[in-house]
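Here is how names work: the chains are called A, B, and so on, in the same order as the sequence lines, proteins then strands, and each is numbered from 1. From a predicted model like this one, the values you see are computed outputs, not experimental measurements. All heavy atoms count here, side chains included; hydrogens, waters and symmetry mates do not.
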Amino acid sequence: MRWTQTFIPTLKEVPAEAEIPGHQLMLRSGMIRQLMAGAYTFMPLGYRSVRKVSQIVREEMDRAGAIELFMPALQPIELFERTGRKDAFGNVLFNFESRRGDRNLHFALGPTHEEVITDLISREIKTFRQLPLTLYQIQTKFRNEERPRFGVLRTSEFLMKDAYSFGTSLEQLNEAYDAMYNAYCRIFERCGLEYIPVEAESGPIGGDASHEFMAPADNGEDFVVRCSSCGYAANQERADTGRSATVPPAQDGAADPEKVDTPNAGSIEDVSAMLKADPATFIKTLIYMADGKAVAVLIRGDHEANEGKIRRALDAADVALADEATIERVTGAPVGFAGPVGVDCDILVDHDIGAVSSAITGANEKDAHLTGVIPGTHFQFEQTHDLRNADAGDKCPRCDDSLEIVHGIEVGHVFKLGTKYSESLDATYLDSDEKKNPIIMGCYGIGVTRVVASIVETCHDEGGIVWPMAVAPYTVELIPLNVKDEEVMTVSNRVYDELTAAGIDVLMDDRDQRPGFKFKDADLIGLPIRVVIGGRGLKEGIAEVRRRSESDAQKVPLVDTIRVVQEIIAAG
RNA sequence: CGGGAUGUAGCUCAGCCUGGCUAGAGCGCUACGUUCGGGACGUAGAGGUCGCAGGUUCGAAUCCUGUCAUCCCGACCA
């Protein structure tokens, strides 16, 4: 492709709306343009990378035995009502009505395709002989993001590969899951994207039923907890801590807690400022409703409660913070003054509480707190649990080292669904005993446009993008330094034709611009290999070949140019 | 959805607080000339309903009210 014949509007200045490097670079390199918040046009350059990533995804899905199909983005709302996800998605689901003749039809724009594919399978699959089967598509998804962010990283419309496996047994599910997991590793490796597979929150199936693939990036919205010695990695919601139970014995003759006035100070922050005390000496008492029953959850003041862990500790199906009325009934005080001493419900205690020797807690009385509260003495408990988010420095659950926290971008997710959708949409098969069973499903997603954004976000230097070879919009940027010089252009055109004939994606910057200008743009758009043809080099019969990732160019005899480029490509 | 900020030329921004003649700069763009190996220079130009609507005022980019849009922080995220 010749630059003058395509459409690559680069920007010298950083657009005001872009905050993070990846967004700035995609805008500046002319890869994307914004239409509105959360919706972007992929320009010719950006779209080439999208297609390269899509192609890698497609090849690896095919290799893993998945079969491609293409489903409608436009879907009847009724399917989401049947699975209960109309309410679960809430405002995130685009749904609207439209007239057709004298009828009013109610549609959704697909946020993902479990419903559509399960409905399809329910109609077409009759017998165990037709299974297992894994289907996938690469399609635009729609989610009404409350807050689109970071350019193409978080949008209301995005390109996603979604795959669904259907089987008759847990073994078939595990086989499909493993195949997808391995395919994902290959995909991210081929894309040149650093990734960490992490254990993720997986709902009722538990265990290893869900993994997220995270690209480590400072601007990532997710937190990954990992151990650098044993490789344990999990997202922050899921991560276990290697802490153990500590139940202190009751102390005889310990002084009673002292009540202090804390007018209008209901938060840990307020009270710690008022009493000049470290939040780590507080016990935070959160009143939760677990399957309709109130529970007081005790967490150290400087920690974050984790609802998933609380739910599992209580073996409850549903856990949520209690409403004000419940809190007042249980504690006898307004919100903000709950404490474990004298609270009228069960208590659930985090591991770290046992180690607090003398704590500040709510007094279960308006505008008052207790100091000198001794766990095990002033309130009793028989067991402690892991109830909070993991933190940097916590002990690893698998080895003796400690955990660290890194930011990450979620680029893929594999999930053992089980029979949630097959049951609600009646997707069943007949087994060899002629018995009807729900099909066992898995779902597997990769955000294609998000992968592109993650690569740009993580692969760049001061000058611009530094594309990994496999996903670069073009592999080579060929720069004739002076397009008015006939000899330079003759040679450049020849090299261009030869590179093209060798099957190499080449972009020739044939614009009538000064060399410095073109070099800057070349660094910006960041193609992996730069070939420069200039009058000076021509006198010596050489071209300059430079990898974008290296600072020095090598002088190559003109006749060897193609070979050298091919060698660089082969070396990756 | 809660909090904060911004909206002036294609882009980046000044001007607004303290209202006043024809609304500015740099970059980009057009023409001509000089230049030509890391974002050149000169000359001459084009380009603006100051987001939109209403109000206050003799007079509004500037003050007030509303509204829309975008961005940031937080909540949410099958």
Is [X] touching bases, backbone alone, or none of the nucleic acid, heavy atoms closer than 4.0 Å?
{"X": "A/F80", "answer": "nothing"}
{"X": "A/Q34", "answer": "sugar-phosphate"}
{"X": "A/G537", "answer": "base"}
{"X": "A/E146", "answer": "base"}
{"X": "A/R546", "answer": "base"}
{"X": "A/N91", "answer": "nothing"}
{"X": "A/A37", "answer": "sugar-phosphate"}

What is the pairing partner of [N], taking Watson-Crick or G-U wobble pairs with both distances under 3.5 Å in any strand?
{"N": "B/G24", "result": "B/C13"}
{"N": "B/U18", "result": "none"}
{"N": "B/C41", "result": "B/G33"}
{"N": "B/A69", "result": "B/U6"}

Tell me the interatomic distance from [X], atom [atom1], to [N], atom [atom2], rounded to whole angstroms.
{"X": "A/L11", "N": "B/G39", "atom1": "CG", "atom2": "C1'", "result": "13 Å"}
{"X": "A/K520", "N": "B/C27", "atom1": "NZ", "atom2": "P", "result": "17 Å"}
{"X": "A/R28", "N": "B/G39", "atom1": "CZ", "atom2": "P", "result": "15 Å"}
{"X": "A/M36", "N": "B/U70", "atom1": "CE", "atom2": "P", "result": "8 Å"}
{"X": "A/I8", "N": "B/G39", "atom1": "CD1", "atom2": "P", "result": "21 Å"}
{"X": "A/R511", "N": "B/C29", "atom1": "CZ", "atom2": "C1'", "result": "15 Å"}
{"X": "A/I525", "N": "B/G39", "atom1": "CD1", "atom2": "P", "result": "18 Å"}
{"X": "A/L35", "N": "B/U70", "atom1": "CG", "atom2": "P", "result": "10 Å"}

(request) Answer whether the closest heavy-atom distance between the side chains of A/E212 and A/P197 falls below 4.5 Å. (result) no
(request) Please state whether the phosphate of B/C73, meaning OP1 or OP2, lies under 4.0 angstrom from any side-chain nitrogen or oxygen of A/R147. (result)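 Looking at the OP1 and OP2 atoms of B/C73, one of them is under 4.0 Å from a side-chain N or O of A/R147.
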[M] and [N], which share atom name [atom1], separated by this distance in whole Å:
{"N": "B/A25", "M": "B/U65", "atom1": "P", "value": "33 Å"}
{"N": "B/C50", "M": "B/G24", "atom1": "P", "value": "14 Å"}
{"N": "B/C11", "M": "B/U67", "atom1": "P", "value": "27 Å"}
{"N": "B/U8", "M": "B/G4", "atom1": "P", "value": "22 Å"}
{"N": "B/U49", "M": "B/A9", "atom1": "P", "value": "9 Å"}
{"N": "B/G47", "M": "B/A5", "atom1": "C1'", "value": "29 Å"}
{"N": "B/U70", "M": "B/G28", "atom1": "C1'", "value": "23 Å"}
{"N": "B/G42", "M": "B/C72", "atom1": "P", "value": "38 Å"}

Can you say whether a donor on the side chain of [X] sits under 3.5 Å from an acceptor on the base of [N], or the other way round?
{"X": "A/Q513", "N": "B/G39", "answer": "no"}
{"X": "A/N482", "N": "B/G37", "answer": "no"}
{"X": "A/E13", "N": "B/G10", "answer": "no"}
{"X": "A/R149", "N": "B/G74", "answer": "no"}
{"X": "A/R530", "N": "B/G38", "answer": "yes"}
{"X": "A/R514", "N": "B/G37", "answer": "no"}

(request) Assess the side chains of A/T83 and A/E115: does a donor N or O sit below 3.5 Å from an acceptor N or O? (result)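 There is such a pair (donor and acceptor under 3.5 Å, judged by atom type) between the side chains of A/T83 and A/E115.
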(message) We want to know whether A/T112 and A/E114 form a side-chain donor-acceptor pair, criterion being a heavy-atom distance below 3.5 angstrom.
(response) yes
(message) Which label fits A/F223 and A/H407: parallel for a plane angle under 30°, tilted from 30 to 60°, or perpendicular past 60°?
(response)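 Correct class here is tilted.
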(request) Would you indicate which nucleotide in B/C71, B/U12, B/G37 comes nearest to any side-chain atom of A/P15? (result) B/U12
(request) Check every atom of B/G37, B/C71, B/C72 against the side chain of A/R536 and return the nucleotide holding the closest atom. (result)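 Minimum distance to the A/R536 side chain belongs to B/G37.
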(request) Test ring-ring contact (aromatic ring centres under 6.0 Å, His included) on A/H413 and A/Y444 and set out the steps. (result) CA-CA 6 Å; A/H413 198 163; A/Y444 317 92; 9.9 Å; no
(message) Let me spell it out: for each of A/D512 and A/F89, pick the nucleotide of RNA chain B with the closest heavy atom. Which residue's pick is nearer the 5' end?
(response)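 Closer to the 5' end of RNA chain B: A/D512.
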(message) Both A/E19 and A/V92 contact RNA chain B. Taking the nearest nucleotide for each, which residue is further toward the 5' end?
(response) A/E19
(message) With ring-ring contact (aromatic ring centres under 6.0 Å, His included) as the criterion, how do A/F188 and A/F213 come out once you've worked through the C-alpha distance, each side chain's angles and the decisive distance to 0.1 Å?
(response) CA-CA 9 Å; A/F188 297 125; A/F213 288 78; 5.6 Å; yes
(request) State plainly whether the residues A/D350 and A/K309 are in salt-bridge range, i.e. N to O under 4.0 Å. (result)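 Looking at A/K309 together with A/D350, the answer is no, because their closest N to O distance does not fall below 4.0 Å.
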(message) With a 6.0 Å cut-off on the ring centroids, do A/Y164 and A/H113 count as close?
(response)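 Ring centres of A/H113 and A/Y164 not closer than 6.0 Å.
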